[in-house]
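Since the structure comes first, as structure tokens, the remarks are kept for the end.
Chain letters run A, B, ... following the sequence lines, proteins first and then strands; every chain starts at 1.
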Number of protein chains: 2
Amino acid sequence: MPEKLTPHQRRVLEVLFSTPHEFSAQDLHKEFKKRQQRVGLATVYRALKVLQKCGKVQIRSLPNGEAVYSLASAHRHHLTCVSCGISIPLKNCPVHELEQELVQTQEFQVFYHTLEVFGLCQNCIEVDVLARRKGIRQA
Amino acid sequence: MPEKLTPHQRRVLEVLFSTPHEFSAQDLHKEFKKRQQRVGLATVYRALKVLQKCGKVQIRSLPNGEAVYSLASAHRHHLTCVSCGISIPLKNCPVHELEQELVQTQEFQVFYHTLEVFGLCQNCIEVDVLARRKGIRQA
DNA sequence: CTATCTGCAAACGTTTTGCAGATGT
DNA sequence: ACATCTGCAAAACGTTTGCAGATAG
């Protein structure tokens, strides 16, 4: 899907290219400030929306309600703790080979998939156990 | 994880049990109104948080920023259109068998996983093509 | 009596939108 | 000129929190 990008859309891609990290829209906005580039927050959101629609950028929603973005080609999955929200990246993707056959029967153009595993991280399990020992109910 | 539930937490579970649909917090709130049960919206959110933390309820974030909830045992995946946001449920889960081995190496208590595939639905592909023909840029 | 649970309203943070000005073809 | 892109500020939205009253052990 060869799409003509605006300068700011290109800049967003450049930032995402430059590091393996995921960025929230606000992170990107701060990053541009740091780079002395004047880019409005709204523009960041608008750019991200376009880049999502053409499959270049993928989104992941965190438990705290904010969304983080990365290159769709940077394929990562996570273990996410439903208690503290920590995300632990997985090393490999168990779905990739299955993706093609998975959607060949559907009329749908696939950009990317997200696989997220939810549960409790080691730390929160321990906190939970301690709390229960003290008879504390989780709020 | 045998957890004592409050009446309202129980009611939330009952609603989720009663249909195969996913509910947003606001949906649940409306549903209680319809059932003549006086339950505050904040209580719905608080109940959902507790139910997530004990692994009974799972969450899925929609592209529009709202979150929908369902029983963690109701296992469903979706094709989600990055353009219009429509969600098309998948019939089977390609990960289930892999889940166990996937996390045996991690110190993490697994409640559930979500696998979401993103791209364009048939309808939006057509709209896109038409728009491009007319030289319209996506906003 | 104490701790938890609840409803309401206010607060919060992220994202979206309206608009006027800048940009580029 | 024209349509698009942009920044700013205001608005919108889903969600969270503070608090006072209700409830339960």
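Rounded to an integer number of Å, the gap from CG of A/Leu41 to P of D/dC8 is 10 Å. Distance B/Asn64 CG to D/dC13 P: 11 Å, rounded to the nearest Å. In this entry the distance linking CG of A/Leu51 with C1' of C/dT15 reads 16 Å, nearest Å. The distance from atom NZ of A/Lys33 to atom P of D/dG7 is 12 Å, rounded to the nearest whole Å. Going from atom NE2 of B/His29 over to atom P of C/dA9 covers 11 Å, rounded to whole Å. Spacing between atom CG of B/Leu5 and atom P of C/dT4 amounts to 16 Å, rounded to whole angstrom units. Separating the CD atom of A/Gln9 from the P atom of D/dG7 is a distance of 12 Å, rounded to the nearest angstrom. Computed from coordinates, the A/Leu62 CG to C/dT14 P distance equals 11 Å when rounded to whole Å.
The side chain of B/Ala42 has C/dC8 as its nearest neighbour among C/dT15, D/dA9, C/dC8. With distances taken from any side-chain atom of B/Glu66 to the nucleotides D/dG14, D/dG18, C/dT16, the minimum falls on D/dG14. Looking at the side chain of A/Arg46, the nearest of the listed nucleotides D/dC8, D/dT15, C/dT15 is D/dC8. Of the candidates D/dG14, C/dT6, C/dT14, C/dT14 carries the atom nearest the A/Tyr45 side chain, counting heavy atoms from C-beta on. Comparing atom distances between the A/Ala67 side chain and each of C/dT15, D/dT15, D/dT6 picks out C/dT15 as nearest.
With 3.5 Å as the limit, one finds no donor-acceptor pair spanning the side chains of B/Ser61 and A/Arg60.
The hydrophobic clustering, which links ILVMFWY residues whose side-chain heavy atoms are closer than 4.5 Å, places B/Leu13 and B/Tyr45 apart. Two different hydrophobic clusters hold A/Leu62 and B/Val68 under the rule that ILVMFWY side chains link at heavy-atom gaps under 4.5 Å.
For the pair A/Leu41 and A/Gln26, the tightest heavy-atom approach, listed with the atom from each and the gap, is CD2-OE1, 3.9 Å.
Contact annotation: A/Ser24 side-chain N/O to C/dT14 OP1/OP2 distance is not under 4.0 Å. Remark: A/Lys49 is not in phosphate contact with C/dT15, judged by side-chain N or O atoms under 4.0 Å from OP1 or OP2. Side-chain nitrogen and oxygen atoms of B/Thr6 include at least one within less than 4.0 Å of the OP1 or OP2 phosphate oxygen of C/dT6.
Comparing B/Pro7 and A/Pro7 against DNA chain C, the residue whose closest nucleotide sits nearer the 5' end is B/Pro7. Looking at which nucleotide of DNA chain C each of B/Arg11 and B/Pro63 is closest to, the 5′-most match is held by B/Arg11.
At distances below 3.5 Å, at least one donor-acceptor pair connects side-chain atoms of B/His77 with backbone N or O atoms of B/Leu115.
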